[in-house]
Amino acid sequence: MALNDKTAVVTGAVMGIGRAITEILLRNGAKVALLDVNETAGKDLMEVLEKQYGRERTLFLNCNVESEEQIKAAFKKVADAFGGIDILCNNAGILNESMWEKTVSINLMGVIRGTYLALEHMSKLSGGRGGVIVNTASMAGVGPLPSCPVYTATKHGVVGFTRAMAVTRAASTASGYGIRFNALCPGFVQTDLLSTIPAKLGKFCHLADMTNQLVEKIGTLTVSDVAECFLELVTDETKNGEALLFFPQGKQYVTFPSLI
Ligand SMILES: NC(=O)c1ccc[n+]([C@@H]2O[C@H](COP(=O)([O-])OP(=O)(O)OC[C@H]3O[C@@H](n4cnc5c(N)ncnc54)[C@H](O)[C@@H]3O)[C@@H](O)[C@H]2O)c1
Ligand SMILES: CCCCC[C@H](O)/C=C/C=C\C=C\C=C\[C@@H](O)[C@@H](O)CCCC(=O)O
């Protein structure tokens, strides 16, 4: 998929991984709608992006992925402004084992909500152009992180949901959305989410040292590393139903057991 003049929506777009994904999309010619709850950072980033890429290719919308109403309104504004949606990155996420319901609401329910609402704009069955949806999961979506079981559950859920949607797309022409679905599974990445971890482990804070040792052992990625892997899942049209696992030592497409 060439990105020139394609329209992308990125949630959690103004910091960390989402910002890097936003910038690689813009560098490759796409128009990008940035959805985030952090309005201050969003407006500051928009000043930078508008200078670099022009006002006609960027749009910031204050949007909480926990709200069906806000996502629905945001997607309509994007479609009205840019003429449709071709790419969605459900990236917004938090880690907070003390606020585990909120973690589920954002990390898993937000991905499901965004995906279902995007189908209304992207699916060829409803007049859309098709496209690709990439969901930001985590290495913790493949291997459990003992210090954050709920976060781990949300990311396993994102991987499972993404693969199921991909099979649905492939399995029945009735759901011929014309959309590919892939999961991004990075290891530890140098962002605010990672740097605030010890305070976010809740009842598992006694496992902070073990987690830090794991970070030391596996190492950390930059947000640019993640954005490059995201781009691969978007542009390689053979990729559907994939979970791309990557860490400083390399990357691999996860092979899941075939149950039939
Ligand atoms: N940092 C890591 O080590 C790592 C590794 C693998 C996966 N991830 C995942 O990558 C994604 C981005 O994480 P990050 O490390 O860049 O974090 P970050 O905290 O740097 O950025 C997260 C962004 O999401 C936004 N956000 C939070 N809640 C939101 C909501 N309800 N609605 C809309 N926007 C919201 C924040 O304002 C922020 O801009 C998350 O899904 C995270 O689970 C992170
Ligand atoms: C507490 C840090 C949270 C960061 C969340 C973010 O999503 C990053 C996750 C990155 C890596 C997750 C790794 C999970 C590994 C598990 O499979 C673990 O059980 C592997 C143990 C490996 C070992 O001890 O040798």
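In what follows, every heavy atom counts, from backbone to side chain, and hydrogens, waters and symmetry copies are set aside. As the structure lists them, so they are numbered: ligands from 1, and atoms in each ligand from 1.
- Those atoms of ligand 2 with a heavy atom of S138 less than 4.0 angstrom away are 6 (C), 7 (O), 8 (C), 9 (C).
- Among all non-hydrogen protein atoms, the one lying nearest atom 6 (C) of ligand 2 is Y151 OH, 3.4 Å.
- If you check the side chains of D225 and T222, you find a donor sitting under 3.5 Å from an acceptor.
- At the shortest separation from atom 3 (C) of ligand 2 among protein heavy atoms lies L95 CD1, 3.4 Å.
- Listed for the N107 side chain is a donor-acceptor partner under 3.5 Å among the backbone atoms of I94.
- Judged purely by distance below 3.5 Å, without hydrogens or angles, the side chains of N90 and T115 pair a donor atom with an acceptor atom.
- Closest heavy-atom approach to atom 15 (C) of ligand 2 within the set P144, G141, P186, A140: this belongs to P144.
- Remark: distances from the non-hydrogen atoms of K217 to ligand 2 include one below 4.0 Å.
- The nearest non-hydrogen atom to atom 17 (O) of ligand 2, considering only A208, G187, G143, comes from G143.
- Near ligand 1, G12, V14, M15, G16, I17, D36, V37, N38, C63, N64, V65, N91, A92, G93, I94, I106, T136, A137, S138, Y151, K155, P186, G187, F188, V189, T191, D192, L193 each place a heavy atom less than 4.0 angstrom from the ligand.
- For the residue pair N135 / T162, a side-chain donor-acceptor distance below 3.5 Å is found, with atom types taken as modelled.
- Ligand 2 has no atom lying under 4.0 Å from any heavy atom of F247.
- Considering backbone and side-chain N/O atoms, S147 never comes within less than 3.5 Å of an N/O atom of ligand 2.
- Ionic pairing of R57 and E50 is not present here: no N-O contact between side-chain nitrogen and carboxylate oxygen is shorter than 4.0 angstrom.
- Grouping the Ile, Leu, Val, Met, Phe, Trp and Tyr side chains by contacts below 4.5 angstrom, directly or via other members, places L95 apart from V226.
- Judged by distance alone, the side chains of S147 and T211 do bring a donor and an acceptor atom under 3.5 Å apart.
- E120 has a carboxylate O that lies under 4.0 Å from a charged side-chain N of K72, or vice versa, which qualifies the two as a salt bridge.
- Each of the atoms 21 (C), 22 (C), 23 (C), 24 (O) of ligand 2 lies under 4.0 Å from some heavy atom of L214.
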List, one per line, each side-chain donor-acceptor pair under 3.5 Å for residues 37-45, sequence neighbours excluded.
residue: N38; atom: OD1; partner: T40; partner atom: N; Å: 3.4
residue: N38; atom: OD1; partner: A41; partner atom: N; Å: 2.9
residue: E39; atom: OE1; partner: N62; partner atom: ND2; Å: 3.0

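- Because its NZ or CZ atom is not both nearer than 6.0 Å to the ring centre of F181 and within 45° of the ring axis, R163 does not count as a cation-pi partner of that residue.
- Of the protein's non-hydrogen atoms, M139 SD, 3.4 Å is the one closest to atom 13 (C) of ligand 2.
- In this structure, K31 fails the cation-pi test against Y53, since its NZ or CZ atom is not both closer than 6.0 Å to the six-membered ring centre and inside 45 degrees of the ring normal.
- Against a heavy-atom cut-off of under 4.0 Å, T211 is close to the following atoms of ligand 2: 1 (C), 2 (C).
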